[in-house]
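Below, all heavy atoms of this structure are taken into account, side chains as well, without hydrogens, waters or symmetry copies.
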Amino acid sequence: MPPDSANADWGKRLSGLIHDMWFSVDDLPLGQIQDNLVIPLRMKPKDPPCARLIIPNARVVRVVDTERIGLYDISHVLVQMPERVLTIIGNIPIRVDIAMDDPCEAYVES
């Protein structure tokens, strides 16, 4: 992840890559994790995954899911430093907070 001054731009670039893609809340481990976080992404809700959001140093995943519909499309991504939290916000109300260890990074793989 870039220095603090570039966090907004980094979040916008990541948002541009995954905006309007879909993910399943069932693919998210909740609470503490010890491995890479890999979120399969879809172009449409019923499509098979076509890409993956990979967060190598994810440590805690917290989901606020008021709608409980299972599949959500991504509106944007926020990067919060120095807290080291990447937040995914859905167009349908959902919030996924991912706490990371250093180095803080995330990327999309097709």
- Atom CG of Leu86 and atom CD1 of Ile55: how far apart are they, to the nearest 0.5 Å? 5.0 Å

- Residues Trp22 and Leu71: closest non-hydrogen pair is CZ3-O, 3.7 Å

- Roughly how far apart are Cys104 SG and Glu83 CD, rounded to 0.5 Å? 10.5 Å

- In Å and rounded to the nearest 0.5 Å, what is the CZ to OG1 distance from Arg95 to Thr87? 4.5 Å

- Message: Using 0.5 Å steps for rounding, measure from the CD1 atom of Ile18 to the CZ atom of Arg13.
- Response: 13.5 Å

- For Gly11 and Val79, the nearest pair of non-hydrogen atoms, with its separation, is CA-CG2, 3.8 Å

- Message: A side-chain contact here means heavy atoms from C-beta on lying under 4.5 Å apart; do Leu37 and Leu53 qualify?
- Response: no

- Nearest heavy-atom neighbours spanning Val61 and Pro29: CB-O, 3.1 Å

- Query: Quick one: side chain to side chain donor-acceptor pair (under 3.5 Å) pairs with a partner in residues 58-71, sequence neighbours left out?
  - Reply: Arg59-Asp101, Arg62-Asp97, Asp65-Tyr72

- Any side-chain heavy-atom pair of Val85 and Val60 under 4.5 Å: no

- Item | Cluster link Val38 to Val25, ILVMFWY, side chain under 4.5 Å | no

- When hydrophobic residues are tied together by side-chain contacts of less than 4.5 Å, even through go-betweens, does Trp10 share a cluster with Ile89? no

- Of the non-hydrogen atoms in Ser75 and His19, which two are nearest, and what is the gap between them? O-ND1, 2.7 Å

- Transitively linked via ILVMFWY side-chain contacts under 4.5 Å: Ile74 with Val64? no

- Query: Taking a hydrophobic cluster as the set of Ile, Leu, Val, Met, Phe, Trp and Tyr residues connected by side-chain heavy atoms closer than 4.5 Å, whether directly or through intermediates, do Ile39 and Leu17 fall within one such cluster?
  - Reply: yes

- Query: Who are the salt bridge (charged side-chain N to carboxylate O under 4.0 Å, His left out) partners of Asp47, not counting sequence neighbours?
  - Reply: none

- Item | Heavy-atom pair with the smallest gap, counting every atom of Arg42 and Ser24 | NH1-N, 3.9 Å

- Determine whether Met100 and Val63 fall in the same hydrophobic cluster, where Ile, Leu, Val, Met, Phe, Trp and Tyr are linked whenever their side-chain heavy atoms lie under 4.5 Å apart. yes

- Task: Starting at CZ of Arg84, measure out to CD1 of Ile98 and round the result to the nearest 0.5 Å.
- Result: 14.5 Å

- Tightest non-hydrogen contact, residues Leu28 and Val96, listed as CD1-CG2, 3.9 Å

